[in-house]
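Structure first, commentary second.
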Amino acid sequence: MTPHLIHAQDCAPQAWRNGGGQTRELLAWPPGDPADPWQLRISRADIDRDGPFSAFPGVQRWFAVLQGDGVALQLDNEHILRAGDAPLQFDGGAAPDCRLLNGPDRKSTRLNS
């Protein structure tokens, strides 16, 4: 396997259904028909406003803040995450409420089933 450098600006942004941000999919594996389920997905998203995450049932999700003042995710309890913190792993079937701590943030999410 040959490694490839992926630039986020080269990946088309996809608006969220709830209008709260956009995602740039950096990797989906295995590649193929978009209708086929992926086993691993790495994306970078920009969060523009407070709101719920989308649910991904059957998937483990990792979430990390890359830039900005951070977010508060409401899962079993409130999790405050800031740039530089370790990624938070949680059940992708959960759709936690997300509150920006001080304006828009950039975050990274890795999902895999």
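These values consider heavy atoms only, across backbone and side chains, with no hydrogens, waters or symmetry-generated copies.
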Heavy-atom pair of closest approach, residues Leu81 and Val65:
O-CG2, 3.6 Å
Between the side chain of Asp50 and the main-chain N/O of Leu100, is any donor-acceptor distance below 3.5 Å?
yes
Is there any side chain to side chain donor-acceptor pair (under 3.5 Å) pair reaching into residues 74-85, and which pairs are they, with sequence neighbours excluded?
Asp76-His79, Asn77-His79, Glu78-Arg99
Is the shortest heavy-atom distance from the side chain of Val71 to the side chain of Ile80 under 4.5 Å?
no
Pairing residues for Asp48 by the side-chain hydrogen bond (donor to acceptor under 3.5 Å, both in side chains) criterion, not counting sequence neighbours
none
Hydrogens and angles aside, do Gln89 and Gln60 bring a side-chain donor and acceptor to less than 3.5 Å of each other?
yes
Please examine the side chains of Arg24 and Ser43, heavy atoms only from C-beta on, and report whether any two atoms are closer than 4.5 Å.
no
Would you please name every residue forming a side chain to side chain contact (heavy atoms under 4.5 Å, CB included) with His7, sequence neighbours left out?
Leu5, Gln9, Asp10
same_hphob_cluster(Ile47, Leu75) at 4.5 Å side-chain heavy-atom cutoff:
yes
Calculate, to the nearest 0.5 Å, the distance between atoms CG and CD1 belonging to Leu27 and Ile42 respectively.
5.0 Å
Close side-chain approach of Phe63 to Pro87, heavy-atom, < 4.5 Å
no
Any side-chain heavy-atom pair of Phe53 and Leu73 under 4.5 Å
yes
To the nearest 0.5 Å, what is the distance between CZ on Arg61 and CZ on Phe56?
5.5 Å
Can you spot which of Gln14, Arg41, Arg44 makes a side chain to side chain donor-acceptor pair (under 3.5 Å) with Glu25?
Arg41
Taking all non-hydrogen atoms of both residues, which atom of Gly93 and which atom of Ala55 are closest, and how far apart?
O-CB, 3.4 Å
Pro52 and Asp97, any side-chain heavy atoms less than 4.5 Å apart
yes
Do Thr23 and Pro13 have side-chain heavy atoms sitting under 4.5 Å apart?
no
Distance check, rounded to the nearest 0.5 Å: Ile6 atom CD1 versus Cys11 atom SG?
6.5 Å
